[in-house]
Amino acid sequence: MIRTHEAGTLRASDAGTTVTLAGWVARRRDHGGVTFLDLRDASGFVQVVVRESESVHDLRNEYCVVATGEVRERPGGNENPDLPTGAIEVVVDTVEVLSPAAPLPFPIEEHKSSNINEEMRLKYRYLDIRREPMARALRMRSKATKVIRDVMEEHGFLDVETPTLTRSTPEGARDFLVPVRLQPGTWYALPQSPQLFKQLLMVAGLERYYQIARCYRDEDFRADRQPEFTQLDVEASFVDQEDILKVGEAIVAAVWKETLGVEIPLPLPRMKYHEAMDRYGSDKPDLRFGQELTELTEYFAGTEFRVFQAPYVGAVVMPGGAAQTRKELDAWQDWAKARGARGLAYVVIDAETGELRGPVAKNLSEAHLSGLADKVGAKPGDAVFFAAGKRAASQELLGAARLEIGKRGELIEESAWKFLWVVDFPMFEPIEDAAGEQTGWHAVHHPFTAPTAESLDTFDKDPGSALSNAYDIVLNGTELGGGSIRIHRKDVQERAFTAIGLSQQEAQSQFGFLLEAFNYGPPPHGGIAFGLDRLVALLTGADTIRDVMAFPKTATGGDPLTGAPTPITAAQRKEAGVDAVFEPKGGQDKNSQDKNAQDKGGKDAAAKDGAARA
RNA sequence: GGUCCCGUGGAGCAGCUAGGAGUGCUCGUCACCCUGUCAAGGUGAAGGUCGCGGGUUCAAAUCCCGUCGGGACCGCCA
């Protein structure tokens, strides 16, 4: 090694030792006769004292240097108790520049770089990662994956890699496609998840599989979405839902303990899907604050007010909301319309008189008005927002309003870690056409998800009420992961396909290889997948998963550092076979794949139902 | 596919609502001074097609249209 010690590890006990350090010039404090350098390496930084000013002149910020000198305690009164290395300094004998640095495109020091343009950060990501927040996030990520691997090994799980060049299967999202030079006109797809492979590994008898797997989905971006992202993928045989939840709990408990020192009380609370929707208007409720929804369908039964003559009426309270200006209240209408709602009805309760006012109040009877505040738990000075219409859509609107109220009112306990399992998801949800008429059913999770014991006999006769053995783990209103127990019985699987309008032929064409495998004694199995990027983003308090990825992409899928994606040359295009047309050579299997490709192009519900979720 | 926000010396901002000379702030860069700082301090200097194109106007960073880039959200997506 070029160095003998790591800069950030030096302490008073090292005084008297001659050390050689290698790293970067983080800061320079030049006093003429004496100069202080903060020498930074991956372990931290230490103050280096240079007496000869000439040599110091060539030591600019972010120069890469090697320095030799003696560690000594700082002169009395010069200690810096705020720094880990603040008791000592290194009095330098020699400093050598290993490589100079050009003037920086942005400051590396944290206090000077709080809000650098993200495009600039991505273009110079190698400098961005020299900054403390990014370096800390990547270390945290590495620590988290290490802990995860330990837990999985302890529980007897086997790390198995699955292909990233695979066949296009009709899953939920758009595929990224790769042309195949050796078979012009055919394409690989990058996997949206290892879902089908991990089920094959269960048929293969490995019993316990896990993988920290890269997944690819060609959909529009969000703060918590990238085209390639990482899942902790888990599957086990001969298990029931309890077994998988226990593994999931062991993982998050160990990760939070080992990375943050936080004890997560186990078992995690559980909430049924319908309860989550009723109380929070979300299948991933943020339990860090209250403001639960109140259902008013019964309360307003018989009302003259047309808007509230609906299958569902509900409300959420905004504390202090009566103080909002007319303009602010109008802004809520625009906010609701942006979410596809007609608007967001409201009543404000006068802080002085307790009188209910607002456009909606005029339409309500005296009896309905007088009991309303008590019914929804509102006080004078509050505002009450209403949604009326179809149950799920109205609850979702109120749920979104609740989150907005929590943010604006600073009601959210930011330091809390509120985990929960959401269980008993519906097995199917209705497919609606543009007019809102139901045209069929599609699998909420994926078509291999097992019904609950209670729904086993009836799920195909009454899909709307069927519940499945699917579960999500939720933290602070973010879905950390989800999974299900899979169907392993052929007759049940066929009924599930029928329920979503998928014929045997179509199922064969889309999942033939999996169904074939299921002919050979498939064990009962189930699993879960965690979004590792989201998990680490929550651990580090990052606003976006880009801040926990070394080299993420921008919203249009670009990488400002490498310039990817780029056009290809005519020669590359020809060689890759991008434009080649597939010519069937008579192989039965090839034909079925080609048919599959055509099926995928259609917008039929069946293709959507292939959503292979973990 | 839709809605909204941002783009001003190397970095981060202000200026735009109400058009009037590239004006200002913090940091960085360069030169010089300085022997105990730790976000060191001081003096001075350099550095700009106001993202790009068009329009309105006597006059545009500022108003209008388009476009490109970045970001947030809806749709979409585990």
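In what follows, every chain begins at residue 1, and chains take the letters A, B, ... in the order their sequences are listed.
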Separation of G1(B) atom C1' from Phe221(A) atom CZ, nearest Å, is 17 Å
Between Lys284(A) and Glu479(A), the two heavy atoms sitting closest are CD-N, 3.8 Å
When every non-hydrogen atom of Pro447(A) is compared with those of Phe511(A), the smallest separation belongs to CG-CZ, 4.4 Å
- Which value, in whole Å, describes the distance between the P atoms of nucleotides U56(B) and G10(B)? 31 Å
In whole angstroms, the gap separating P of G69(B) from CG of Asn117(A) amounts to 15 Å
Taking a pair to mean Watson-Crick or G-U wobble geometry with both distances below 3.5 Å, C4(B) pairs with G71(B)
In whole angstroms, the gap separating P of C73(B) from CG of Asp220(A) amounts to 12 Å
Correct closest heavy-atom pair for His442(A) and Ile500(A) would be CA-CG2, 4.0 Å
So, with a heavy-atom separation below 4.0 Å from RNA chain B, the residues of residues 472-480 of chain A are Asp472(A), Glu479(A)
Partner of U57(B) under the Watson-Crick or G-U wobble criteria, both distances under 3.5 Å, comes out as none
- Stepwise side-chain hydrogen bond (donor to acceptor under 3.5 Å, both in side chains) check, Arg11(A) with Thr9(A): CA-CA 6 Å; Arg11(A) 295 293 182 272; Thr9(A) 65; over 6 Å; no
5' to 3', nucleotides 44-51 of chain B under a 4.0 Å protein heavy-atom cut-off (B base, S sugar-phosphate only, - none) gives --------
Quick tally for nucleotides 26-37 of chain B: nucleotides whose base has a protein heavy atom under 4.0 Å get B, sugar-phosphate-only ones S, the rest -, giving -SSSSSS-BBBB
Exercise for the section: May I ask you to check whether Trp332(A) and Phe385(A) place their ring centers less than 6.0 Å from one another? Expected result: yes
In whole angstroms, the gap separating P of C77(B) from NE2 of His446(A) amounts to 16 Å
When you compare G51(B) with A14(B), how far apart are their P atoms, in angstrom units rounded to a whole number?
13 Å
Note to self: Work out how far the C1' atom of C50(B) is from that of G42(B), and round it to whole angstrom.
What the structure shows: 32 Å
Residues at least two apart in sequence or cross-chain that pass salt bridge (Lys or Arg N to Asp or Glu O under 4.0 Å) with Arg270(A), listed by chain then number, are Glu242(A)
Side chain to side chain donor-acceptor pair (under 3.5 Å) filter on Thr94(A), not counting sequence neighbours, yields none
Sorted by number, residues from residues 543-558 of chain A placing a heavy atom under 4.0 Å from RNA chain B are Arg546(A), Thr554(A), Ala555(A), Thr556(A)
Using modelled atom types only, decide if a donor and an acceptor are shared between the side chain of Gln438(A) and the backbone of Gly440(A) within a distance under 3.5 Å. yes
Side chain Arg225(A) and base C77(B) donor-acceptor under 3.5 Å
yes
For U23(B), the nucleotide meeting Watson-Crick or G-U wobble distances (both under 3.5 Å) is A14(B)
Closest of A40(B), A11(B), G70(B) to the Phe106(A) side chain is A11(B)
request  = Rounded to whole angstrom, note down the C1' distance from U29(B) over to A11(B).
outcome  = 11 Å
| task | Using modelled atom types only, decide if a donor and an acceptor are shared between the side chain of Gln211(A) and the backbone of Thr162(A) within a distance under 3.5 Å. | result | yes
Under a 3.5 Å limit on both distances, the Watson-Crick or wobble mate of C76(B) is none
- Task: Look only at the side chain of Arg339(A) and the backbone of Glu396(A), and say whether a donor-acceptor pair between them is shorter than 3.5 Å.
- Result: no
Determine whether the aromatic ring centres of Tyr216(A) and Phe229(A) lie less than 6.0 Å apart.
no
Discussion item. Looking at Asp233(A) and Ala529(A), would you say the former's side chain and the latter's main chain have a donor-acceptor pair under 3.5 Å?
Written reply: no
Whole-Å distance, Glu396(A) CD to C74(B) C1', equals 13 Å
Exercise. Roughly how far apart, to the nearest Å, are C27(B) and G36(B) at atom P?
Worked result: 22 Å
- Task: Spell out, as yes or no, whether a donor-acceptor pair under 3.5 Å connects the side chain of Glu249(A) to the backbone of Leu268(A).
- Result: yes
- Any side-chain N or O of Arg222(A) less than 4.0 Å from the OP1 or OP2 oxygen of C77(B)? no
Exercise for review: Write down the distance separating the C1' atoms in G7(B) and A45(B), rounded off to the nearest Å.
Suggested key: 29 Å
Which is true for Asp82(A) with a 4.0 Å heavy-atom rule: it touches a base, it touches only sugar-phosphate, or it touches nothing? nothing
Here the distance between atom C1' of G10(B) and atom CD1 of Ile116(A), to the nearest Å, is 11 Å
Partner of Leu538(A) under side chain to side chain contact (heavy atoms under 4.5 Å, CB included), picked from Asp224(A), Thr478(A), Val548(A), is Thr478(A)
**Message:** Distance to the ring centre below 6.0 angstrom and angle to the axis at most 45 degrees; does that hold for Arg28(A) and Tyr63(A)?
**Reply:** no
TODO: Determine the interatomic distance between C1' on U23(B) and the same-named atom on U67(B); round to the nearest Å.
DONE: 29 Å
Using the C1' atom as the point on both nucleotides, what is the distance between U17(B) and C32(B), in whole Å?
45 Å
By nearest-heavy-atom nucleotide on RNA chain B, the more 5' of Phe425(A) and Pro560(A) is Pro560(A)
Answer for the Watson-Crick or wobble partner of A45(B), both distances under 3.5 Å, is U29(B)
Atom CD of Glu62(A) and atom C1' of G10(B) are separated, to the nearest Å, by 15 Å
note: Arg27(A), atom CZ; G41(B), atom P; distance rounded to Å ~ 12 Å
Task: Expected output: side-chain Glu219(A) to main-chain Arg174(A) donor-acceptor under 3.5 Å - done: yes
